[in-house]
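Right, one structure below, let's go through it.
Starting from 1, each residue takes its place in the sequence as its number.
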Amino acid sequence: MEKLKVTEACIGCGLCVAENEKYFEFNDEGFSKVKKEIIDEEDKKDLLNIIESCPGEAIVIEEEKEA
């Protein structure tokens with residue numbers, strides 16, 4: 001299962017939030033955070049474009065091993 005994550009490298013530019021409010025929102029400090037961790041297959045291409053565009057390189061997709 002793939003999970004979306006915003007790392008501490010986030011600079012708070014808001015690009016991801018502006019591009020996809022289904023998956024991203026701002027936290028209380030003004031940085032992006034993941035709103036929906038589990039990636040729907042139909043959204044993956046859009047999320048990969050957002051990851052590539054992130055100026056802080058703060059968004060990653062992690063593979064979570066199922067128990």
Side-chain angles (χ1 to χ4, degrees):
M1 176 185 336
E2 293 180 317
K3 285 185 145 185
L4 195 60
K5 181 179 179 183
V6 176
T7 69
E8 292 181 10
C10 178
I11 61 171
C13 78
L15 175 79
C16 58
V17 176
E19 292 289 322
N20 195 316
E21 291 184 354
K22 176 180 176 181
Y23 285 91
F24 302 99
E25 64 186 354
F26 289 111
N27 66 17
D28 293 338
E29 288 82 39
F31 295 105
S32 297
K33 71 176 188 174
V34 174
K35 187 178 192 177
K36 178 179 176 0
E37 282 188 339
I38 306 301
I39 299 169
D40 297 329
E41 192 60 38
E42 65 269 12
D43 297 329
K44 189 169 182 179
K45 184 177 178 182
D46 180 48
L47 292 171
L48 289 172
N49 287 333
I50 293 169
I51 289 168
E52 190 174 301
S53 300
C54 177
E57 299 179 358
I59 307 167
V60 295
I61 295 176
E62 294 182 338
E63 184 68 33
E64 183 174 285
K65 296 179 182 173
E66 297 182 32

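Here the NZ-CD distance, from Lys35 to Glu21, works out to 6.0 Å after rounding to the nearest 0.5 Å. The NZ atom of Lys36 sits 13.0 Å away from the CD atom of Glu25 when rounded to the nearest 0.5 Å. The OG atom of Ser53 lies 7.5 Å from the CD1 atom of Ile50; values are rounded to the nearest 0.5 Å. Within the model, atoms CG of Asn20 and CG of Asp46 stand 5.0 Å from one another, a figure rounded to the nearest 0.5 Å. The structure places SG of Cys10 at 7.5 Å from CD1 of Ile59, a figure rounded to the nearest 0.5 Å. Put simply, CG on Leu4 and CD1 on Ile61 are 6.0 Å apart, with the number rounded to the nearest 0.5 Å.
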Handout entry: side-chain contact (heavy atoms from CB on, under 4.5 Å) evaluation trace for Phe31 with Val17
Key = CA-CA 10 Å; Phe31 295 105; Val17 176; over 6 Å; no
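When the shell of 6.0 Å around CD of Glu42 is examined, it contains more than 12 heavy atoms from other residues, nucleotides or ligands. The environment of CD in Glu63 is crowded: more than 12 heavy-atom neighbours from other residues, nucleotides or ligands sit within 6.0 Å. When the shell of 6.0 Å around CD of Glu57 is examined, it contains 12 or fewer heavy atoms from other residues, nucleotides or ligands.
Considering all non-hydrogen atoms of both residues, Cys13 and Pro55 come closest at SG-CG, 3.6 Å. In terms of heavy-atom proximity, Lys22 sits nearest to Asp43 at NZ-OD2, 2.7 Å. The nearest pair of heavy atoms linking Cys54 to Leu15 is N-CD2, 4.2 Å.
Between Lys44 and Glu2 the shortest side-chain heavy-atom distance falls below 4.5 Å. Using a 4.5 Å cut-off on side-chain heavy atoms (C-beta onward), Ile38 and Lys3 make contact. Counting heavy atoms from C-beta on, the side chains of Ser32 and Phe26 come closer than 4.5 Å. For the pair Tyr23/Val34, no side-chain contact is recorded, criterion being any heavy-atom separation below 4.5 Å from C-beta on.
None of Asn27, Asp28, Val6 except one satisfies the side chain to side chain contact (heavy atoms under 4.5 Å, CB included) rule with Lys33; the exception is Asn27.
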